[in-house]
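All values derive from a computational prediction rather than experimental measurement. Just so you know, ligand 1 is whichever comes first in the structure, and atom 1 is the first atom listed for that ligand.
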Amino acid sequence: MSKTLFAGVRIICPHTGVDEVGDVLVDDGRIGLLRLGGGVDAPDAERIDASGMVLSPGFVDLHTHLREPGEEQKETIETGAAAALAGGFTTLCAMPNTYPALDSRISIETVRERAEGLGVRIVPIGAITVGRMGEQLAPHHALAAAGAVAFSDDGSPVSSAGLMRRALQYSEPTGLPITSHCEDLSLSAGGSMHEGAVSARLGIPGIPASAEEVMVRRDIALAEETGGRLHIAHISTAGAVSALREARARGVPVTAEATPHHLLLTDEWVAGWGALDGEPNADRIVGDGAYDTSTKVNPPLRSGDHVRAVLDAVRDGTIDVIATDHAPHAPTDKACEYGCAAFGISGLETALGLLMLLVHRGELDLNRLVHLLTAGPGSTFGLSGQGIREGAVADLVLFDPDQPWVVDGEALLSRGKNTPLHGHTLRGKVLMTVVGTRTYRANQMEER
Ligand SMILES: [Zn+2]
């Protein structure tokens with residue numbers, strides 16, 4: 001029976017509303033004692049002097065691509081779970097764009113079975129349409145009964161408005177949200193990055209902001225008409241954010257998520273001109289006409305005005321969820337010209353460090369950031385845990401909000417080494433993730 005005492009730690013728990021320094025004793029996979037202000041005496045426990053560190057509920061990711069079944073060269077459920085623990089995530093929602101797609105009862109059950117015993121709660125999202133082909137509705141009731149927590153054709157939009165309307169109608173009886181990847185293919189076709197000054201300079205065909213906005217407006221209209229439960233994936237443009245803000249003010253049942261990369265990186269990163277706060281960017285300029293395929297993602301990294309609009313919506317509560325859109329790829333998927341490269345960023349392990357930039361800049365409260373990674377997503381998909389309270393099963397992440405570390409793509413536990421942050425310094429590091437009796441420790445913790 002193992003005991004761990006987190007002593008003098010800043011406890012941030014959105015579930016209980018606590019944001020105070022105290023002691024937390026984890027005893028055989030449960031929270032045995034919680035004392036705000038400290039004072040727990042547990043001589044038989046491993047004592048972690050956690051002053052200056054933060055203990056919060058484990059993070060919840062509503063948007064993860066685990067690639068299994070069918071593309072195990074990019075990721076498996078097991079390697080994705082390991083990456084999740086390293087990033088502080090204890091709940092993952094697995095996207096259904098696998099091969100075959102998660103559009104049948106057996107496929108949903110298989111993912112759940114493969115995820116057992118990995119220490120991370122992995123819940124599948126069912127496909128909206130059969131084979132994600134956008135032609136015929138998948139059996140939503142059967143998928144819900146098998147354990148799907150939402151429906152999405154993510155990676156592809158549901159281009160038929162009639163079919164999306166039907167999916168939203170079904171979301172009422174199932175009670176499960178429809179996650180929409182909002183992209184008008186007639187506008188985005190052939191594009192590889194955000195359409196703007198940088199795409200013009202590089203000569204890379206662009207994806208206009210309107211490709212997202214028109215689809216967001218369509219889906220909001222459908223949700224308003226049907227009363228269906230709409231969740232917008234990876235929102236990235238100012239126009240879409242405006243539509244979302246207006247719809248929520250009217251009481252339309254719509255939520256949205258933003259990704260770390262859309263909140264922190266701009267289209268300048270595509271050209272190799274990106275730099276994080278405090279980094280010299282002069283030596284990162286790789287020259288005109290060069291590009292970095294690890295920045296290719298869908299929706300694309302946008303220009304600064306769009307990034308600011310998404311951040312404003314995260315700050316004012318219009319957006320209540322940060323999701324990673326973790327999209328691992330094999331090296332060959334990215335070692336090619338920009339137009340041919342796969343869309344996606346491996347994001348689970350860099351999410352916290354990247355997002356902490358917003359806190360260090362004074363643009364987001366740490367308390368609010370924890371909410372956006374825990375209770376915000378948890379309540380959006382009905383996945384909330386118990387939080388940090390005595391008797392609850394341990395579901396915790398310990399992180400140092402200030403510790404700097406250099407991202408090494410090759411060292412990621414994910415099979416996807418595709419990160420535009422390789423070589424960059426982040427400030428904020430996950431040290432321990434605890435799920436029941438299972439504990440992940442970062443290397444730095446082993447040396448302590
Ligand atoms: Zn998507």
Quick one: ring-ring contact (aromatic ring centres under 6.0 Å, His included) pairs with a partner in residues 297-322, sequence neighbours left out?
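Non-adjacent pairs meeting ring-ring contact (aromatic ring centres under 6.0 Å, His included): H194-H306.
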
Check the angle between the aromatic planes of H424 and W269 and answer parallel, tilted or perpendicular using the 30° and 60° thresholds.
tilted

Parallel, tilted or perpendicular: rings of F381 and H231 (30°, 60°):
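The rings of H231 and F381 stand perpendicular, inter-plane angle above 60°.
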
For D103 and R132: C-alpha separation, side-chain torsions, deciding distance, then whether salt bridge (charged side-chain N to carboxylate O under 4.0 Å, His left out) applies.
CA-CA 8 Å; D103 61 1; R132 299 174 50 258; over 6 Å; no

Got K417 and S346 here, is their nearest side-chain heavy-atom distance under 4.5 Å?
no

Where the side chain of R112 meets the backbone of A146, is there a donor-acceptor pair that is under 3.5 Å apart?
yes

Proximal protein heteroatoms (N, O or S) of the Zn ion (ligand 1), under 2.8 Å:
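Metal shell, protein only: D154 OD1, H181 ND1, H234 NE2.
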
